[in-house]
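A quick write-up on the structure given underneath.
Whatever order the structure lists ligands and atoms in, that order sets their numbers, starting from 1. Position 1 is the first residue of the sequence, and the numbers go up from there.
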Amino acid sequence: MKDSKEFYEGMGLKFLEPQNQTEGIREYMELEEEFILKTFNGINTVLDVGCGEGRYLRKLAPIVGKITGIDFSEQLVGLAKKSTSNVNNVTIIFGSAEHLPTLVEETFTYGLLAWNTIGNIPQTLHQCILDNLAKVVEKKIFISTYQCSSAVMDERLRYYDKTNFKVESIDGNQVILEGGLHCANAYPLSYFQTLLESSGFSMETHDLGFVGVMIEGTKK
Ligand SMILES: C[S@@+](CC[C@H](N)C(=O)[O-])C[C@H]1O[C@@H](n2cnc3c(N)ncnc32)[C@H](O)[C@@H]1O
């Protein structure tokens with residue numbers, strides 16, 4: 001699986017346009033936001049991995065001590081910086097999650113990978129990224145992702161259709177879009193259980209409608 005860097009330097013923002021959301025995707029996004037705002041309220045320091053154009057940096061800055069975003073898309077980092085330029089508790093780093101320990105000096109109370117960022121990252125990097133998070137996060141990580149079912153796949157395909165992204169192929173829970181520029185994958189919960197356990201986190205899950213799930217990893 002290829003990473004989605006080129007895609008997020010260009011057309012990726014179409015994913016955020018509300019008119020492209022199907023009912024199930026809208027419900028997932030609303031429940032995700034509600035969960036994150038409630039759970040992160042009053043948390044001292046937060047790391048938002050794959051922060052994109054800064055959606056959660058803007059929403060969380062007023063209710064947490066400090067928040068740091070990291071993203072490997074120069075375009076999105078630029079937008080995130082611009083939209084938080086008047087906020088003094090936000091730091092934004094241009095870089096890849098797989099290099100995290102060399103990019104940050106401090107540790108964070110909570111880490112976040114929102115809106116299926118994990119499903120956009122090649123599977124071969126997951127263990128490295130989870131091991132990095134175990135080094136830089138003190139208490140908990142939260143990973144929001146798609147559930148795996150045929151109903152969710154149908155909903156995702158309707159969503160890609162509304163965004164006008166061309167589906168090249170489907171392989172299990174992975175959808176390859178736009179000539180391979182973007183791969184969006186989903187994994188069964190048993191996969192995350194093994195991944196988190198091997199990086200030293202225990203796992204709990206919270207459904208986000210029928211489409212999404214929030215995986216809560218607590219450092220052991
Ligand atoms: C689905 S978007 C989510 C954006 C944002 N978290 C939100 O909820 O609006 C995934 C983001 O992860 C970033 N990303 C993907 N792989 C990455 C990596 N290896 N390191 C850093 N950022 C990455 C992409 O550039 C993109 O902004």
Side-chain angles (χ1 to χ4, degrees), residues 1-18 20-21 25-26 28-37 39-40 46-61 67-84 90-104 108 110-133 136-137 141-146 156 159-160 163 165 174-178 180-187 208 211-215:
M1 172 177 168
K2 185 183 170 312
D3 73 34
S4 296
K5 193 168 188 331
E6 212 180 321
F7 174 82
Y8 279 114
E9 291 292 5
M11 58 182 83
L13 273 176
K14 267 207 279 178
F15 272 137
L16 276 179
E17 292 169 11
N20 293 334
Q21 290 164 8
I25 296 289
R26 190 173 310 116
Y28 166 31
M29 290 186 76
E30 285 172 1
L31 290 172
E32 179 195 78
E33 183 176 327
E34 196 182 300
F35 180 96
I36 290 172
L37 295 189
T39 309
F40 283 64
V46 175
L47 177 66
D48 181 3
V49 178
C51 62
E53 54 73 66
R55 208 160 60 98
Y56 279 115
L57 301 177
R58 293 187 296 277
K59 289 179 198 288
L60 288 174
I67 181 160
T68 298
I70 173 168
D71 203 288
F72 72 178
S73 159
E74 200 171 1
Q75 187 208 16
L76 297 183
V77 162
L79 291 172
K81 283 191 172 162
K82 207 167 163 192
S83 70
T84 56
V90 175
T91 305
I92 300 164
I93 299 168
F94 171 49
S96 294
E98 50 275 31
H99 303 138
L100 255 176
T102 62
L103 298 171
V104 295
F108 304 87
Y110 280 6
L112 172 67
L113 279 86
W115 197 22
N116 202 34
T117 292
I118 192 78
N120 296 170
I121 295 176
Q123 194 177 352
T124 48
L125 297 176
H126 288 179
Q127 192 67 63
C128 161
I129 290 173
L130 263 289
D131 290 344
N132 287 346
L133 289 172
V136 302
V137 171
I141 53 169
F142 292 86
I143 300 174
S144 163
T145 186
Y146 288 125
R156 289 171 60 193
Y159 176 45
Y160 301 140
T163 53
F165 289 135
Q174 178 172 228
V175 181
I176 297 160
L177 298 151
E178 295 294 322
L181 274 189
H182 187 58
C183 300
N185 212 343
Y187 303 88
L208 302 172
V211 170
V213 58
M214 180 65 84
I215 293 166

Any nitrogen or oxygen of Arg55 lying under 3.5 Å from a nitrogen or oxygen in ligand 1? Just yes or no. yes
Take the angle between the ring planes of Tyr146 and Tyr28 and call it parallel below 30°, perpendicular above 60°, tilted in between. tilted
Measure the distance from atom 4 (C) of ligand 1 to every protein heavy atom, then report the residue, atom name and distance (to 0.1 Å) of the closest one. Gly50 O, 3.3 Å
Shortest non-hydrogen separation from Phe94 to Ser73 and the atoms involved: CE1-C, 4.0 Å
When you measure from the side chain of Asp71 to the backbone of Cys51, do you find a donor-acceptor pair of N or O atoms at a distance under 3.5 Å? yes
What I want to know is whether Ala97 and ligand 1 share at least one N or O pair that is separated by under 3.5 angstrom. yes
Suppose I only count heavy atoms of Leu76 and a 4.0 Å limit; which atoms of ligand 1 are within that range? 27 (O)
Run the numbers for me: atoms of ligand 1, each under 4.0 Å from some heavy atom of Asn120, listed by number. 1 (C), 10 (C)
If the cut-off is 4.0 Å to any non-hydrogen atom of Trp115, which atoms of ligand 1 fall inside it? 1 (C), 7 (C), 8 (O), 9 (O)
Which part of Ile121 is near ligand 1, with near meaning a heavy atom under 4.0 Å away: side chain, backbone, both or neither? side chain
Should Gly95 be listed as contacting ligand 1, given a heavy-atom distance under 4.0 Å as the test? yes
Backbone or side chain, does any N or O of Ile70 fall under 3.5 Å from an N or O of ligand 1? no
As an exercise, identify every atom of ligand 1 less than 4.0 angstrom from a heavy atom of Ser73. 25 (O)
Can you find an N or O of Asp71 that's nearer than 3.5 Å to an N or O of ligand 1? yes
Hey, does the side chain of Lys59 reach the backbone of Leu37 with a donor-acceptor pair shorter than 3.5 angstrom? no
Applying side chain to side chain contact (heavy atoms under 4.5 Å, CB included), run through Ile118 and Ile129 and close with a yes or a no. CA-CA 10 Å; Ile118 192 78; Ile129 290 173; 5.6 Å; no
Hits for side chain to side chain donor-acceptor pair (under 3.5 Å) against Tyr159, two or more places apart or cross-chain, chain-then-number order -> none
Considering the heavy atoms of Cys51, write down every atom of ligand 1 situated less than 4.0 Å from one of them. 5 (C)
Closest non-hydrogen protein atom to atom 3 (C) of ligand 1, residue and atom name please, with distance? Thr117 OG1, 3.4 Å
Closest protein heavy atom to atom 2 (S) of ligand 1, given as residue, atom name and distance to 0.1 Å: Tyr8 OH, 3.4 Å
Under 4.0 Å from one or more heavy atoms of Ser96, ligand 1 contributes atoms 20 (N), 21 (C)
Go through the steps to decide whether Ile67 and Phe40 satisfy the test side chain to side chain contact (heavy atoms under 4.5 Å, CB included), and finish with yes or no. CA-CA 11 Å; Ile67 181 160; Phe40 283 64; over 6 Å; no
Considering heavy atoms of the protein only, find what lies nearest to atom 22 (N) of ligand 1 and give residue, atom and distance to 0.1 Å. Phe72 N, 3.3 Å
Classify the contact between Glu98 and ligand 1 as side chain, backbone, both or neither, using a heavy-atom distance cut-off of under 4.0 Å. side chain
Show the numbers, then the answer: is there a side chain to side chain contact (heavy atoms under 4.5 Å, CB included) between Thr145 and Asn116? CA-CA 4 Å; Thr145 186; Asn116 202 34; 2.7 Å; yes
Carefully, step by step, assess Leu113 and Ile141 under the rule side chain to side chain contact (heavy atoms under 4.5 Å, CB included). CA-CA 8 Å; Leu113 279 86; Ile141 53 169; 5.8 Å; no
Side chain to side chain donor-acceptor pair (under 3.5 Å) filter on Arg58, not counting sequence neighbours, yields Glu53, Ser83
Measure across Thr117 and Val49 and return the closest heavy-atom pair with its distance rounded to 0.1 Å. CG2-O, 3.8 Å
